[in-house]
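Have a look at the structure below before the remarks.
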Amino acid sequence: MTKILVTSALPYANGDIHIGHLAGAYLPADIYVRFQRLKGQDIIHICGTDEHGVPITLTAEKEKKTPKEIVDYYYKRIKDSFERFGIKFDNFSRTSIPLHHRVSQQFFLKVMEKGYIYPREVEQYFCPRCQRFLPDRYITGTCPHCGFPEARGDQCEACGRWLEPTRLKEPRCKICGGVPELRKTRHWFFRLSSFQNQLKDWIETKGHWKENVKNFCSGWFKEGLEDRPITRDLKWGVKVPLAEAKEKVMYVWFDAPIGYISSTIEWAERIGQPEKWKEYWCDKDTRLIHFIGKDNIVFHALVWPAMLMAHGEFILPADIPANEFLNLEGKPMSTSRGWAVWLPEYLEEFDPDPLRYSIAINAPQTRDADFSWKDFRRRNNDELADILGNFVNRTLKFIVNNYRGNVPAVGLIDHTGKEVITQIRSVGKRVESLLERFDIKQALREAMGLAQLGNQYFDHQKPWSTHHSNPLACEQTIHVCTKIISALSIILEPFLPFTSEKIRKMLRLDRISWDDLNDPKVPATIGEVAPLYPKLEPERVELQLNKIRERAQMSKPKEIDIEYFSGVEIRIGRIISAEMVAGSDRLIRMEVSFGDFKRTAVAGIGSHYRPEELVGKKAPFVTNLKPVKIRGILSEVMILAADYPGGIKILIPDGDPPEGAKIK
RNA sequence: GGCGGCGUAGCUCAGUUGGCAGAGCAGGAGAAUCAUAAUCUUCGUGUCAGGGGUUCGAAUCCCUUCGCCGCCA
């Protein structure tokens, strides 16, 4: 049998999963895998967190933690929220485990052995204060074209021109503000350029791939593929397995996709068949499918296949169903601006299936789509509760009320009933072929059509009336309706697994398979009946809408007027003494003179200043803050300092203003 | 700036290789009372963003303007 290996993009362990991620990769993948599994296919779903790279080290610094602490935290949260949302993986690994490091290193060495990795001297900015080489976008300076003083190392945002960091005038480290210096360093490059033709030929055989994927690739072929550096001067990551590169790690984009392989190996070991991963990665008959969002297309359709070609022992992707983006309330999602719906937060308030439904029925398959809370509520109430939930409920309640919970058995089914059963089969067939093409949106519409069909049939047959006038006909109707419910529990399982489970409980069905759609099983008696979905009041979703609006507002500082500002009293103070607060490695206690009076300050700047450095310095202090006790010491004034990832700098006045001078 | 995408009914979205513009919701009318007042039937609606071109025929292909979005290793 053809095996299927499905991967979902490795989420970056630097934040929670939000609905955009779900729509882009994880939900479509989960639906596809659940469907294939119901069909009895040999399929596994592999994923894990991507835990290396500079952004994680920066988050760690910002939160005064180690990178390990950051990734441990998010690994747990991400894994947990996937589980609660019903996204099922056969293995959910992480790229920081030793197994992954080993596999990545072997991969590296193998590709190097084949001649596709080579070292090259490059000049890069190094920040002596941060003690590290700076990625392009962490350098700012004056743009040589337009004179914009805050241009980024890779591009000037004012005039839009591309830049090399070395061309910036007065370069500065974006992290600490220090002056970086050019240093020679050696990096290893992947010979991507030599795969251009091979990749082109390969993609031409993929006529069935989605338009957006092919489009992206052709753009890149036009530009021409260039070799890419695959090492970094960083401590956090997979060590480069070369004696001459002891201090380097792999660039995160290189080791991350190898995570698909190492996660599969971890899975094989876990189930006690350590060689089994090869059946998926090394067998030409296995279909490798990568589910990703559109931001990942170039990588999965070009760079990663080139890496696999270079390595030579693994299969290439058979399909890359990439989705577009999901907007939120009409605006693109933005984690930094707080404009997103995060999964852990959602799950505190609602059940998984309504969101699975909302996303799947309006999936961004061919273009960006929009998620709104209003629409979410409507989908839940008008579609899930009213059409699907009500059909199940009215039928089963009817059985309870009129047949004491025993499903009527029937010897014969009349023409109309048979027609319905034929319809079930053809809906099954259509859903099947739509899902094979990854068209989950249309597939779900078709599946829901079955509930609608049920309501129509129920209405036309009028069992509430035939129950008295023609009991046999009534029994038939209810029997057929129960068949429809049974079919719904199968056909909806990939999309709404929790709903499917509830229905199966009510119908006392323990095992289901896609083939059962040919003649859905009907139980003799039913279990306890309860409505499938509670209706959502408008307030429930308005609350959510307000939450994201407020958050977006907060990330933008509020405008204040001059009166408001003049309410803050800031004066120049001279630090007359300073000492570490006992039992703390960050707090410094200072006595500050403002000429006429003295005050005590406790400030969390000890990670970047030694007390003796501070004594004698003049700096601005807020002098009318409400005093607070910190570690038992009353802090009466607050020192002003620049606080940014990687550093804290107190402000020193220009010249020598007198103690106590007011700042306006 | 360059490249790419998008613009279809009041709203959210489908529209295969060019072949009479579609669905759901909202809105109007009716039927039914088993069911979470939940269902079912039925009705209207479009400068397919604007302009130009190719074609017997364009929402679809080409050019252009406007608007929105993304990417730029």
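By convention in this document, chain letters (A, B, ...) are assigned in the order of the sequence lines, proteins followed by strands, and residues within each chain are numbered from 1.
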Under 4.0 Å from OP1 or OP2 of B:rU41: is there any side-chain N or O of A:Gln456 that close?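 Yes, such a contact exists.
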Can a side chain N or O of A:Lys294 be found less than 4.0 Å away from OP1 or OP2 on B:rG70?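 Checking B:rG70 against A:Lys294, no side-chain N or O comes under 4.0 Å of OP1 or OP2.
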Start at the 5' end of RNA chain B and walk down; is the nucleotide closest to A:Ala385 or to A:Gly224 reached first?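 The answer here is A:Ala385.
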Earlier contact from the 5' end, RNA chain B, for A:Gln442 and A:Tyr251: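 That would be A:Gln442.
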For A:Lys441 and B:rC13, what is the distance between atoms NZ and P respectively, to the nearest whole Å?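 Computing the A:Lys441:NZ to B:rC13:P distance gives 8 Å.
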Over how many whole Å does the gap from A:Ile440 atom CD1 to B:rC13 atom C1' extend?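 The answer, rounded to whole Å, is 14 Å.
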Side chain of [X] - closest among [options]:
X	options	result
A:His460	B:rC40, B:rC25, B:rC69	B:rC40
A:Arg378	B:rA14, B:rU12, B:rC25	B:rC25
A:Arg228	B:rA73, B:rC69, B:rU36	B:rA73

Using the 3.5 Å cut-off, write out each protein N or O paired with an N or O of nucleotides 21-23 of chain B and the distance between them.
none

When rounded to the nearest Å, what value does the distance between P atoms of B:rA58 and B:rG51 take?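 Their P atoms lie roughly 14 Å apart.
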In terms of heavy-atom contacts, does NE2 of A:His415 have more than 12 from other residues, nucleotides or ligands at under 6.0 Å?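 No, not enclosed.
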Report the relative orientation of the aromatic rings in A:Phe291 and A:Phe438; use parallel for angles under 30°, tilted for 30 to 60°, perpendicular for over 60°.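 The rings of A:Phe291 and A:Phe438 stand perpendicular, inter-plane angle above 60°.
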Report all interatomic pairs (protein N or O, nucleotide N or O of nucleotides 7-10 of chain B) with separations under 3.5 Å.
unit_1: B:rG7; atom_1: OP1; unit_2: A:Arg367; atom_2: NH1; d: 3.4
unit_1: B:rU8; atom_1: O4; unit_2: A:Arg367; atom_2: NH2; d: 2.8

Counting only Watson-Crick or G-U wobble pairs whose two distances fall under 3.5 Å, which nucleotide matches [N]?
N	result
B:rU16	none
B:rU47	none
B:rA37	none

Given protein heavy atoms under 4.0 Å, the one-letter contact record of nucleotides 27-35 of chain B, with B base, S sugar-phosphate only and - none, is simply -----SSBB
Nearest 0.5 Å, what's the CG-CG distance between A:Leu328 and A:Asp370?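 These two atoms lie 7.5 Å from each other.
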